[in-house]
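Excluded from the calculations below are hydrogen atoms, water molecules and symmetry mates; all remaining heavy atoms, backbone and side chain alike, are included.
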Amino acid sequence: MEIKSAEFVMSNSDVSKCPKNTIPEYAFIGRSNVGKSSLINMLTNRKSLAKTSGRPGKTQLINHFIINKNWYLVDLPGYGYAKVSKSAKKTFQKFITQYFSLREQLVSAFVLVDIRHKPQPIDLEFMQWLGENGIPFSIIFTKADKLKPKAIEKHVADYIAIMLEAWEEMPDYFITSSSKDIGKEAVLEYIHSLNKNMRLD
């Protein structure tokens, strides 16, 4: 799928104020230092569509971007490790939970995971919550350029082993690097296939 247009639509912390139309949405979420903004910019061929920052936790709202005029990319606040107050974290958690619980337009979530690290409880718990609530999701492993190919294979294999302790099968997953454009086509083609099933592309 070719990204011909990517435009910011709105930011808010109130799920009821998200776009009212029925355009399908794909939500991107992960720990606050996982490289989410860089990945979004890579996917959309825009250097600053999503605001990147050296300070984890920069994204603090639900951000909607309209892609190719027919689907939304939704940038959600990161969870864990952000240097924000406890009350702010509770607020983020509340509207993240509401977003996933209430947005009927959501087709799939993409949970971003730093491929360099062992499976983190916070990521596993969040994916378990998605599964328990019947919310489709895929995993995007980020920062693959930081490891050699054999290390990538091992880390992914370790992740699969952990996931299969709780899941009947491994969710779809993608290996990416924002700095090297790795995985871009695979993620976009996956979204394209889901849109095609809904006769949107």
Side-chain angles (χ1 to χ4, degrees), residues 1-12 18-19 21-79 82 96 99-100 103 105-116 123 135-149 152 155-156 171-201:
M1 174 172 57
E2 180 184 356
I3 301 298
K4 297 178 181 178
S5 64
E7 302 169 15
F8 171 76
V9 177
M10 66 168 61
S11 293
N12 66 77
C18 288
N21 52 44
T22 58
I23 293 175
E25 299 182 356
Y26 298 87
F28 289 71
I29 189 168
R31 282 184 290 119
S32 55
N33 55 351
V34 78
K36 178 165 53 69
S37 295
S38 295
L39 178 82
I40 290 172
N41 291 336
M42 177 192 75
L43 292 176
T44 57
N45 296 319
R46 304 295 190 275
K47 291 184 178 180
S48 58
L49 187 71
K51 298 294 187 292
T52 58
S53 172
R55 177 172 62 84
K58 184 70 172 177
T59 304
Q60 298 183 4
L61 296 168
I62 303 169
N63 299 299
H64 276 75
F65 302 92
I66 185 76
I67 310 297
N68 289 350
K69 307 292 186 183
N70 68 357
W71 59 275
Y72 286 119
L73 186 158
V74 184
D75 181 11
L76 294 173
Y79 51 79
I96 288 171
Y99 172 83
F100 283 114
R103 287 302 280 176
Q105 295 90 333
L106 178 68
V107 176
S108 180
F110 290 96
V111 180
L112 277 60
V113 172
D114 189 330
I115 199 169
R116 300 174 297 175
D123 294 322
I135 299 164
F137 72 92
S138 299
I139 299 171
I140 293 183
F141 292 104
T142 63
K143 306 184 181 182
D145 58 292
K146 305 295 184 182
L147 296 177
K148 293 183 178 180
I152 291 173
H155 284 218
V156 172
D172 289 319
Y173 66 89
F174 306 90
I175 297 170
T176 70
S177 164
S178 299
S179 62
K180 302 292 184 181
D181 271 7
I182 296 170
K184 177 179 178 178
E185 289 186 9
V187 174
L188 291 178
E189 282 306 310
Y190 179 72
I191 293 174
H192 172 69
S193 68
L194 294 176
N195 282 342
K196 195 172 182 179
N197 288 339
M198 293 182 285
R199 300 180 180 178
L200 290 172
D201 282 359

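Of the possible donor and acceptor atoms, none in the side chain of Thr176 sits under 3.5 Å from a partner among the backbone N and O of Ile182.
Taking both residues in full, the closest heavy atoms of Ile23 and Trp71 are given as CG2-CA, 3.4 Å, listed atom of the first, atom of the second, then distance. Scanning all heavy atoms of the two residues, the minimum distance from Cys18 to Met10 falls at CA-SD, 4.0 Å. For Leu49 against Ala6, the heavy-atom pair with the smallest separation is CD1-O, 3.8 Å. Closest approach of Ile175 and Ala144 over heavy atoms only: CG2-CB, 3.6 Å. Tyr99 and Leu76 get closest at one heavy-atom pair: CD2-CD1, 3.9 Å. Pairing each heavy atom of Ser178 with each of Met42, the nearest pair is CA-SD, 3.5 Å.
Remark: Asn68 CG to Leu188 CG distance equals 9.0 Å, nearest 0.5 Å. Leu112 contributes atom CG, which lies 11.0 Å from atom CG of Asn33 (distance to the nearest 0.5 angstrom). The line from CG of Asn21 to CD1 of Ile66 is 7.0 Å long, rounded to the nearest 0.5 Å. Interatomic distance, CD1 of Ile40 versus CD1 of Ile67, reported as 9.0 Å (0.5 Å rounding). Rounding to the nearest 0.5 angstrom, the gap separating the OG atom in Ser11 from the CZ atom in Phe65 is 6.5 Å. Rounded to the nearest 0.5 Å, atoms OG (Ser38) and CG (Leu43) are 11.0 Å apart.
For the side-chain contact (heavy atoms from CB on, under 4.5 Å) with Ile140, the qualifying choice from Val34, Ile115, Val187, Asp172 is Val187, the only one to do so.
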| task | For side-chain contact (heavy atoms from CB on, under 4.5 Å), just list the numbers for Ile135 and Phe137, CA-CA rounded to whole Å, side-chain angles, deciding distance to a tenth of an Å, and then say yes or no. | result | CA-CA 6 Å; Ile135 299 164; Phe137 72 92; 5.6 Å; no
| task | Evaluate side-chain contact (heavy atoms from CB on, under 4.5 Å) for Lys69 paired with Glu7, printing each intermediate quantity in order. | result | CA-CA 9 Å; Lys69 307 292 186 183; Glu7 302 169 15; 2.9 Å; yes
| query | When you look at Val156 and Phe141, which way does the side-chain contact (heavy atoms from CB on, under 4.5 Å) test go after all the steps? | reply | CA-CA 8 Å; Val156 172; Phe141 292 104; 4.3 Å; yes
| said: Let's go through Val107 and Glu25 carefully: what are the C-alpha distance in whole Å and the side-chain angles of both, what is the deciding distance for side-chain contact (heavy atoms from CB on, under 4.5 Å) to 0.1 Å, and is it a yes or a no? | reply: CA-CA 6 Å; Val107 176; Glu25 299 182 356; over 6 Å; no
| Worked verdict on Thr142 versus Asp114 for side chain to side chain donor-acceptor pair (under 3.5 Å) | CA-CA 5 Å; Thr142 63; Asp114 189 330; 4.8 Å; no
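The aromatic rings of Tyr26 and Phe110 sit tilted relative to each other, their planes meeting at an angle between 30° and 60°.
By the ring pair (Phe, Tyr, Trp, His ring centres under 6.0 Å) test, His155 pairs with no residue at all, sequence neighbours left out.
Between Asp75 and Lys36 there is a salt bridge, since a side-chain N of the basic residue sits under 4.0 Å from a carboxylate O of the acidic one.
With a 6.0 Å radius and a threshold of 12 heavy atoms from other residues, nucleotides or ligands, Tyr173 has its OH atom at or below the threshold. Annotation: Glu189, atom CD; neighbour count of heavy atoms from other residues, nucleotides and ligands within 6.0 Å is above 12.
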